[in-house]
Amino acid sequence: MNDSIQVISKFALQGLETQALRDAAMAAKQTLESGSGAGNDFLGWLHLPSSIDEQQLQAIEESAAQLRSECEYVISIGIGGSYLGGKAVIEALSNHFAAYRTDGGPKVLFAGSNIGEDYLYDMMDLVRGHKFGIIVISKSGTTTEPAIAFRLFKEMLEQQEGKEFASRNIIAITDARRGALRRLAIEEGYATFVIPDDVGGRFSVLTPVGLLPIAVAGFDIRALVKGAVEMEQGGEEQVLDYAIARNALYQQGKKIEILANFTPRLHFLAEWWKQLYGESEGKNHKGIFPASVDFTTDLHSMGQWIQDGERTIFETVLSVGDQQHEVIIPNDDADLDGLNYIAGKNVDYVNKMAELGTRLAHIDGGVPNLLITIPAVTERYLGQLIYFFEKACGVSGYILGVNPFDQPGVEAYKKNMFALLEKPGHEEATAQMKIRLKQ
Ligand code: PA5
């Protein structure tokens with residue numbers, strides 16, 4: 001077994017990579033590493049893995065141990081970059097039918113990533129009468145979705161368990177100095193962790209934003225960080241290969257990248273990846289649209305489009321070497337389902353043949369195919385994958401000619417929502433909105 005993720009792009013890239021693109025990628029990497037490009041005040045993630053020290057890891061582990069010792073549930077509240085990294089890693093490592101490791105620790109639930117009234121009601125119903133803790137994560141401290149969820153669960157926890165239990169089991173992760181959440185944490189005496197100024201939300205999974213929920217769920221954050229350090233120090237070729245491949249394809253009119261997995265536990269890793277690439281590259285009316293599918297499930301829904309629809313897509317397959325468990329397909333004397341030809345094989349063998357068959361079919365159908373292999377879904381390899389995708393995203397964004405580290409476009413819906421909600425300070429926008437809606 002390899003001890004690193006591998007990026008293999010030979011099917012797609014034969015004859016595709018140009019010297020000009022390799023030069024552009026080298027220049028983009030240099031711009032990133034020298035900190036001379038757009039958004040260079042948000043490069044704190046670049047050497048983050050190797051800068052995490054023993055003291056920081058211990059502080060996170062101690063807070064996780066506190067929550068694990070007193071809580072049956074821990075609600076991690078946050079949205080976007082303050083949510084998806086932790087969710088992705090926990091889902092990738094957990095038992096599929098319980099968002100936690102089967103070691104008796106608390107279940108980690110996620111709130112504040114939507115404004116679903118029934119979602120919040122159901123979660124309140126679930127934790128009512130149970131001891132629970134809260135990790136509230138917001139860099140700005142003012143984001144509406146997590147603020148609503150935090151107000152609800154804070155009040156519920158204080159009423160249910162008392163103020164003392166609540167302030168012991170609420171942990172805030174926010175900006176070092178600014179914001180409503182920082183002020184509240186100081187007033188209420190919550191333990192806090194800092195989101196560094198120079199690390200944007202979607203690059204923050206290896207800060208306490210991701211590491212604390214992951215540690216609460218019982219997973220090994222040291223191994224995760226170790227994997228990321230390995231990529232930080234040795235992933236250069238992989239990063240360049242991927243960045244070049246996707247930009248070469250984009251320049252040839254492949255505007256959509258579909259991240260495909262054949263491993264159900266990777267669903268949320270793709271959600272995290274979509275935010276990373278979508279928010280980083282979709283600017284100035286440019287950028288590859290990041291989409292994702294879960295195979296073989298989606299072969300029975302999206303498979304037709306991918307095989308035969310408009311030829312503007314390419315596919316990046318996340319292929320996993322080893323499963324954690326073996327399940328053998330049994331023999332059946334009657335063989336009414338005709339499956340005896342694979343009796344005695346393990347389920348993953350069939351899945352691997354589906355994967356290879358799909359990749360070849362899609363290549364034949366005009367869908368270029370990149371392949372990223374992960375030896376197994378473990379903390380270490382997830383750490384490698386996370387850092388690999390982050391760095392490739394920075395390089396890729398600079399090749400494209402955008403600032404990969406801002407997200408001005410996400411403000412537009414907020415302005416409208418605040419106008420419609422008649423938030424103080426938005427009076428003029430509210431008046432304009434009323435005129436617009438009458439037309
Ligand atoms: O990547 C980003 O910057 C965003 O997704 C933010 O993380 C998200 O909007 C949440 O912001 P905040 O942490 O300030 O609540």
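Each ligand, and each atom within it, is numbered from 1 in the order the structure gives. Numbering of residues begins at 1 and proceeds along the displayed sequence. Worth saying up front: this structure is predicted, and the values here are computed from it rather than measured. All values below were derived from every heavy atom in this structure, side-chain atoms included, with hydrogens, water molecules and symmetry-related copies excluded.
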Heavy atoms, side chains only, cut-off 4.5 Å: are [X] and [Y] in contact?
X      : Y      : result
Ile134 : Met156 : no
Glu145 : Tyr83  : no
Tyr277 : Leu259 : no

Inset, instruction - Working to the nearest 0.5 Å, report the span between NZ of Lys154 and CD of Gln159. - result: 10.5 Å
Legend entry - Geometric cation-pi criterion Arg246 and Tyr250, 6.0 Å radius, 45° cone: no
Inset, instruction - Only one of Glu237, Glu236, Glu33 passes salt bridge (Lys or Arg N to Asp or Glu O under 4.0 Å) with Lys391; say which it is. - result: Glu33
Inset, instruction - Would you please write out the protein residues whose heavy atoms approach any atom of ligand 1 to under 4.0 angstrom, listed by chain and number? - result: Ile79, Gly80, Gly81, Ser82, Ser138, Lys139, Ser140, Thr143, Gly201, Arg202, Gln275, Glu279, Gln407
